[in-house]
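Worksheet: the structure to be examined is printed underneath.
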Amino acid sequence: MDSKYASYGKEKDQRNKFDIKAKKIKLSVDGNSFKNVKENNQANGSCNNNTVSALNEVSEDVQDVRKSLPVYIVRNRILEEIRKNNTMILIGETGSGKTTQIPQILHEQRLEGNGAIAVTQPRRVAAITLALRVATEMNTEIGSYVGYSVRFEDATSPKTKVIYLTDGMLLREAIIDPLLKKYSIIILDEAHERTVNTDVLFGIVKLAQKERNCKGNKLKVIIMSATMDVDTFRNYYDNCSVVYLEGRTYPVTIYHSKTKQDDYQYSVVCAIFQLHVTTPANHHFLVFLTGQEEIETVMANIKQIAKESPGPPIRVCPLYAGLPPAKQLLVWKSVPEGTRKIVLATNIAEASVTIPHIKCVIDTGLVKERSWCNVTGAERLRIVPCSQAACWQRAGRAGRTAPGSAYRLYTNGDFKARPQHNTPEIIRCPLAATLLMLIATGMEPSTFPLIDAPSPDSVQASLILLKELGAIESENNPKLTVLGKKMTAFPIDPKYSKVILSAPEHGCLDEALSLVAVMSSENVFHTPLHKREEAVKAKQKFVSTLGDHITLLNVFKMFCKAPLKKQWCKENYLNHKNLSYACDIRHQLLAICQKLNMEVSSCGTAFDQLLKCLLSGLFTNCAWTRGGMTTGAGKYATASGAAAALHPASSLHGLRPPPPAVLYTELLHTRRAYLLTVSAIEPHWLHQVAPEYARRCRANR
DNA sequence: GAGCACTGC
């Protein structure tokens, strides 16, 4: 009876999983219902770069469009506030135009004086597109009066007065000049996202402002945000003034689920088909899910049910960051008249990208979140309810071009019980890189003003790591060493900069650069659910018995040699974007090495040297087999005593006997604790490469 | 023998 479902997966249990779901859903397409909780609830969207794409579609004269923006209409009041105050918070909803207009208005009045205006963005694409848009509006070339600065790309010149840049770039500038004297006005946009970089910039800018105001070289600071915890920000900036701007979004009607949903993947498919048969075909759906596998499963379910469901034809589009760009593009491609588009997305669709003509949002209210344990160094990925702010942000995606509706697969009570805002990233991520950067700008980590401080244990753990890497004198006296100073030159994880700086003595800088570049990029292997076997087979030709690091190096080397890179990647199930990014990073790292007069040596195929070099930066990431051979399945214990297994995707997985000692790149807890990207090492290498650490390690074990 | 959310320098 179930032969029609058999094509989904080749493994038996997988097929059964699909069968059950599909059957259950078919029976209840019209069974699930929602309660209309609020009518005409204006969703709180975010501000940002979306203004740009929306504006580009308008054929009217650029200046007319500008002048119709809410922010333009109240510009004189805003100017007055900015003139009066050194610090100001500007809350603006989606479509208010604040990010494109405020810098122009300031520049028109020459408020920047001899300095420049910096506008920070959390994302590269946003910084670039905003700058291009504003250059058009100001009728000037990009890179003259208006420019942008992002990693690998600098479109500014000495005469640039308005600079859009990623917050990470402004942070790098702060290492060279902590007072940021180049700028007379700094606008920190998208403050509500609370990325680590923005959080650190809040403090750097606050301190710079204090010091510069004493010296008569004033710095104006404007914090821009969509919804946010205004009181927190206002307290932090000494009760500065707050201006609210109206947005221009359409009303979104919110519906909550009447009862608690036990199985959200099932509820999602129910909701989709319930709405599918009752709404016009040109009402496209945007569905928020948590990850690739889930999206692929739901997509398969929808396609199967659609065959027998009434209603218009359906086109399902997956959207997640790991999807190759060519496949992502399908989301923006128009569908034939009378076809419904259903986009299944992760939270990438929450702020990073905008999909036009979405009338209906279906929200699971969940997000996959990464957190860090500062005792074991393990990172954990788990599915958690998202904040109220994120829920509003998601709902707002239905009201971009016309009124819409949002269906929440959780109850109103559940919604109200959620935290108002997401936990700031700085509370839950490893801090070594951030602390090294702070120390490099001359700040004292213990007194640096942060809106939300990470736990003292978390700071201490990261300082200890920096001490072990030889970057600072001691955890209680966090002064940069000569090595530490060199490490700050590299825009990568301190462990990796240590690897590069150790490479000359192991005679393998050439290989170390490639390996660090790939490890600093994202996963290069693309594994679609339905083509897993082909992907695994393609990977075989790169696999090294020494482990995953040499495997990665093989991939990178062959990528560099391949003449038709895109096609080659597709054939080999590799991610072209991430490999190209690794190439860019390698160029950048090589240039820094050359500035530091490092000799580019190669170890050829003497990979022991490379692995020892890798160990000199990642020596805290060793694990040893435990309990002899009885477990057999590759059970390991890390230096901190955490139990973990080799990840099944590792090339060392399944080796009998398992290597007694391994070096891992990452310890990630999903369903279990796994060691990711692993190489076999000789146990005595640790004593050679990091003798002090090895001794302490032994004492504790 | 299981699966990596999203950014950034």
Side-chain angles (χ1 to χ4, degrees), chain A residues 11 13-14 120-127 149-154 165-175 190 193-201 288-297 319-323 345-353 364 366-371 379-384 386 390 422 425 428-429 433-434 436-437 440 488-494 496-497 517 520-529 532 535-536 575 578 581 584-585 588-589 592 632-634 645-650 653-654 665-666 668-677:
Chain A
E11 290 157 69
D13 53 335
Q14 190 115 35
T120 69
Q121 293 294 314
R123 283 170 288 277
R124 292 166 54 91
V125 185
S149 170
V150 299
R151 190 179 189 178
F152 311 131
E153 252 186 286
D154 181 8
L165 74 180
T166 46
D167 41 24
M169 282 305 280
L170 192 60
L171 268 187
R172 298 292 314 176
E173 288 185 21
I175 295 180
E190 310 284 16
E193 292 197 19
R194 300 295 305 276
T195 65
V196 179
N197 288 345
T198 335
D199 268 20
V200 173
L201 275 178
F288 283 98
L289 293 161
T290 69
Q292 172 183 346
E293 196 175 78
E294 191 173 291
I295 286 172
E296 285 175 337
T297 307
L319 181 65
Y320 49 90
L323 194 69
T346 60
N347 51 347
I348 191 173
E350 217 174 274
S352 308
V353 299
T364 58
L366 299 167
V367 66
K368 204 175 270 187
E369 194 181 76
R370 203 164 179 138
S371 56
E379 301 203 64
R380 190 182 285 269
L381 264 180
R382 52 184 165 184
I383 294 171
V384 296
C386 61
N422 288 345
E425 205 185 348
R428 50 186 170 83
C429 77
T434 304
L436 184 64
M437 207 233 43
T488 63
F490 295 91
I492 48 176
D493 188 289
Y496 292 163
S497 35
S520 302
S521 181
E522 291 295 305
N523 189 6
V524 298
F525 298 106
H526 177 59
T527 322
L529 187 66
R532 195 167 295 166
V536 169
N575 187 312
N578 294 344
Y581 199 70
D584 289 339
I585 295 173
Q588 190 184 28
L589 300 180
I592 296 166
L646 288 176
H647 192 276
S650 169
H653 186 261
T665 308
E666 201 178 356
L668 186 71
H669 202 115
T670 49
R671 273 172 220 174
R672 295 167 63 195
Y674 288 106
L675 305 175
L676 271 60
T677 317

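Below, read A as the first sequence line, B as the second, and so on, with proteins coming before strands; counting in each chain starts at 1. On a predicted model such as this, the values are computed, not experimentally measured, just so you know.
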Base, sugar-phosphate, or nothing for A:I492, non-hydrogen atoms under 4.0 angstrom? base
Once you round it to whole Å, what is the distance between P of B:dC9 and CG of A:L170? 12 Å
Name the nucleic acid region contacted by A:T195, choosing base, sugar-phosphate or nothing; use a 4.0 angstrom heavy-atom cut-off, strictly under. nothing
Please classify the nucleic acid contact of A:Q292 as base, sugar-phosphate, or nothing, using heavy-atom distances under 4.0 Å. sugar-phosphate
Going by heavy atoms in the side chains, are A:L165 and A:V150 under 4.5 Å from each other? no
Spacing of A:I348 atom CD1 relative to B:dC6 atom P, expressed in whole Å: 6 Å
Take atom CD of A:E379 and atom P of B:dA5, then tell me their distance rounded to the nearest Å. 14 Å
Which residue lies toward the 5' end of DNA chain B, A:S520 or A:R428, if each is placed at its nearest nucleotide? A:R428
Would you kindly give the OH-to-P distance between A:Y674 and B:dA2, to the nearest whole Å? 5 Å
Please determine whether a side-chain nitrogen or oxygen atom of A:R124 lies at a distance below 4.0 Å from atom OP1 or OP2 of B:dC9. yes
What nucleic acid atoms does A:I383 come within less than 4.0 Å of, heavy atoms only: base, sugar-phosphate, or nothing? nothing
Does A:F490 reach a base, just sugar-phosphate, or nothing at all? Heavy atoms under 4.0 Å. nothing
Here the distance between atom P of B:dC4 and atom CG of A:L668, to the nearest Å, is 6 Å
Nearest-angstrom distance from the residue atom CD of A:E293 to P of B:dA5: 8 Å
Name the nucleic acid region contacted by A:F152, choosing base, sugar-phosphate or nothing; use a 4.0 angstrom heavy-atom cut-off, strictly under. nothing
Taking any heavy-atom pair under 4.0 Å as a contact, classify A:Y581: base, sugar-phosphate, or nothing. sugar-phosphate
Using a cut-off of 4.0 Å on non-hydrogen atoms, how would the nucleic acid contact of A:V196 be classed: base, sugar-phosphate, or nothing? nothing
Nearest-nucleotide pick for A:N347, side chain only, options being B:dA5, B:dC9, B:dA2: B:dA5
Can you see if the side chain of A:T166 gets near the phosphate of B:dT7 - specifically, an N or O under 4.0 Å from OP1 or OP2? no
Give me the atom names and distance for the closest heavy-atom approach of A:I592 to A:A489. CD1-O, 3.2 Å
Closest heavy-atom contact between A:R172 and A:P491? NH1-CA, 3.6 Å
